[in-house]
Amino acid sequence: MSDVTLPAPEESGGTAAETKIFADIGGLLDFYARKTPTAPALLAPGRPVLNYGALGEVTRDLVRTLRRLGMTPADRIAV
C-alpha cells in the first residue's frame, strides 16, 4: 500500500480509477508515458532530455529485471 495521500475524486475532478492509478510513482509515470510520451520527463545539465515514453520503457525494463531476480511488489529496494 502506498503512503501517498491523494485528494478524493470529487475534490480533484478525477475518477476513482484515476486516483488508483496515481497511488504510486509507477502509476503516475505510466500514465504520462501513455498520455504524453514525447513530453520531457527528466532534464539535467549536459544530458539529453529523457521524455516520458523513454522513461516508461526504462522503468518497465527495470521492473522486468527485478521480477526475474525474485523481487516482488512488496519488497523494498534502496536506490
Side-chain angles (χ1 to χ4, degrees):
M1 182 53 95
S2 172
D3 59 355
V4 175
T5 304
L6 300 169
E10 61 274 3
E11 294 172 16
S12 66
T15 65
E18 287 171 333
T19 301
K20 185 175 182 192
I21 288 170
F22 301 140
D24 59 54
I25 190 71
L28 185 65
L29 291 175
D30 187 55
F31 174 80
Y32 283 104
R34 286 182 283 113
K35 182 176 174 137
T36 57
T38 60
L42 295 174
L43 306 170
R47 303 289 308 258
V49 173
L50 185 64
N51 64 38
Y52 279 105
L55 180 59
E57 198 54 44
V58 168
T59 302
R60 286 186 292 277
D61 287 345
L62 177 59
V63 168
R64 283 190 291 269
T65 299
L66 292 172
R67 296 292 177 264
R68 279 194 304 272
L69 294 171
M71 300 301 228
T72 69
D75 292 331
R76 294 181 186 250
I77 300 167
V79 178

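Since this is a predicted model, take the numbers as computed values, not measurements. Numbers here simply count residues along the sequence, with the first being 1.
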Please check if the number of heavy atoms outside Arg47 that lie under 6.0 Å from its CZ is greater than 12. no
Here the gap from Thr65 atom OG1 to Leu69 atom CG, rounded to the nearest 0.5 Å, amounts to 7.0 Å
Output for pair (Arg67 CZ, Leu62 CG), nearest 0.5 Å, gives 9.0 Å
Could you go through residues 72-79 and list every donor-acceptor pair under 3.5 Å that involves a side-chain atom there, pairing it with any protein atom two or more places apart or in another chain?
unit_1: Thr72; atom_1: OG1; unit_2: Ala74; atom_2: N; d: 3.4
unit_1: Thr72; atom_1: OG1; unit_2: Asp75; atom_2: OD2; d: 3.3
unit_1: Asp75; atom_1: OD2; unit_2: Thr72; atom_2: N; d: 2.7

For residues 53-60, which side-chain donor-acceptor pairs fall under 3.5 Å, sequence neighbours excluded?
unit_1: Glu57; atom_1: OE1; unit_2: Arg60; atom_2: NH2; d: 3.0
unit_1: Thr59; atom_1: OG1; unit_2: Leu55; atom_2: O; d: 2.8
unit_1: Arg60; atom_1: NH1; unit_2: Gly56; atom_2: O; d: 3.4

Ring pair (Phe, Tyr, Trp, His ring centres under 6.0 Å) contacts in which one or both residues fall within [range], not counting sequence neighbours:
{"range": "residues 43-79", "value": "Tyr32-Tyr52"}
{"range": "residues 60-79", "value": "none"}
{"range": "residues 58-79", "value": "none"}

side-chain contact (heavy atoms from CB on, under 4.5 Å) filter on Pro40, not counting sequence neighbours, yields Leu43, Val49
Is there a path of hydrophobic side-chain contacts, each under 4.5 Å between heavy atoms, that joins Ile25 and Phe31? yes
